[in-house]
Amino acid sequence: MNFMCVTRLKAASFAFLFLISMRLIGCSPSHSIRFPPAVEVSNLQERPSLRILAKGHNRRIGVGAINSILKYSDYSRKLIADEFDFLVSDYHMKWKWIHPHRDLWNFDISDDLVKFAQSHSQQVKGHALLWHRSLPDYVKSSPISWNEVREHVETLMIRYRSQLSANGDKTLFAWDVLNEAIGDVDENGKVALRETIFKRLLGANYVDRVFALARVTDPDALLIYNDFGMELPGPKSEFALAWLKELKLRKVPIDVIGFQMHIPLWKKGALEKFEANLKRYSDLGFQVTLSEIDVALFSSEKEFRSMSEEEVNQRLEQQKKVYAGLMRICLRNSKCIGLSPWGLNDSDSWIRRTFGKSYEAPLLFDERLRKKPAYWGLHEALESP
Ligand code: XIL
């Protein structure tokens with residue numbers, strides 16, 4: 001055995017002994033979240049994809065928070081094309097990116113997304129025409145006029161309204177016309193419309209005007225009001241229900257209510273409460289969608305670090321039950337058009353990026369693009385509702 005081999009053998013045995021001793025004294029390397037091995041490739045082909053199963057139920061399964069599609073790996077793009085029938089841009093259809101200056105538009109990345117969808121017989125949900133975040137400085141700092149809002153909305157919708165996918169479907173089938181216009185619950189438990197720049201400068205009926213504009217601009221698109229924190233009964237949901245009922249009486253053309261679903265690891269009772277709450281909106285005549293699902297596993301990093309691998313796997317199984325429960329709720333409600341997680345895999349998750357929760361695993365696929373129990377939760381719910 002030559003010198004190099006002996007050295008390597010010594011190094012390997014030292015490393016092995018080091019790890020064993022570390023383990024024995026209880027300071028094992030901080031565990032990352034481990035998932036059961038991916039489903040054997042052999043039976044991958046036998047299992048229908050989520051989009052195929054969903055189509056059988058006349059539902060859509062999309063994936064949100066898609067960034068520049070051309071920068072995804074080939075395998076990521078294969079998963080996106082195989083498993084989902086609609087895509088939602090994370091950031092590149094938002095005002096700050098797509099219309100950064102009055103006379104400048106950045107369509108490249110959203111055009112790439114639309115082309116990708118078209119070539120895979122998928123659709124795109126536009127997100128979002130009006131949102132009080134991700135606004136460019138010229139909108140935030142100078143009085144924005146209705147004409148400027150109208151130009152923004154019309155330019156975006158007109159660009160894509162005639163686009164068709166390979167299967168003949170209208171590619172831009174829906175738009176989040178207005179996002180998060182309801183304010184947060186205040187210290188007295190009160191809720192009101194959010195004091196956004198649009199409300200301040202255009203008046204509270206900006207809501208009526210922007211949906212009316214969207215309807216005439218693209219009469220064939222589903223028009224969505226999208227928001228968070230109204231999934232379960234409570235002050236925000238009560239306010240939203242009353243406000244949307246009033247808008248419907250005023251014949252404001254809102255077709256769909258988007259429940260973002262940025263939720264913790266719901267227990268069984270919460271799913272029942274959500275289903276009953278969702279029905280209150282669909283009973284008003286709205287279609288509904290679960291638009292930005294992520295199901296957080298942990299309440300803190302401390303909790304994550306305190307858990308054994310077995311306990312983490314139990315959380316992943318609970319997460320599977322939540323995703324399966326949400327799918328079955330959507331299948332039972334005839335007004336539910338479908339659902340979409342907010343991100344393809346855990347490394348992409350908004351929860352990780354925005355809240356620095358690098359330990360979180362809220363989505364369907366793990367960092368190595370393996371299907372997690374959550375994916376199989378949707379799959380099983382679609383195979384046996
Ligand atoms: C987030 C994106 O994921 C981020 O990349 C971006 O910087 C900010 O917006 N509700 C929404 C989404 O409607 O548009 C937000 O997405 C997450 C909360």
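Ligands are counted one by one from 1 in listed order, and the atoms in each one are counted from 1 as well.
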Over 60° means perpendicular and under 30° means parallel, so classify the ring planes of F239 and W243, tilted if in between. parallel
Does some non-hydrogen atom of R133 fall short of 4.0 Å from ligand 1? no
Quick one: side-chain contact (heavy atoms from CB on, under 4.5 Å) partners of R315, sequence neighbours excluded? L265, L297, F298, E303, M307, Q318
Any luck finding a side-chain donor-acceptor pair between R368 and S347 under 3.5 Å? no
Is the shortest distance from a heavy atom of W342 to ligand 1 less than 4.0 Å? yes
For ligand 1, is there an N or O atom under 3.5 Å from any N or O atom of E292? yes
Please say whether S134 places an N or O atom under 3.5 Å from an N or O atom belonging to ligand 1. no
Side chain or backbone, does W131 bring an N or O within less than 3.5 Å of an N or O on ligand 1? no
Transitively linked via ILVMFWY side-chain contacts under 4.5 Å: L87 with L156? yes
Closest non-hydrogen protein atom to atom 6 (C) of ligand 1, residue and atom name please, with distance? Y91 CD1, 4.0 Å
If you take all heavy atoms of S110 and I98, which pair is closest and at what distance? OG-CD1, 3.4 Å
Identify the protein heavy atom lying closest to atom 5 (O) of ligand 1, giving its residue, its atom name and the separation to 0.1 Å. D90 OD2, 2.6 Å
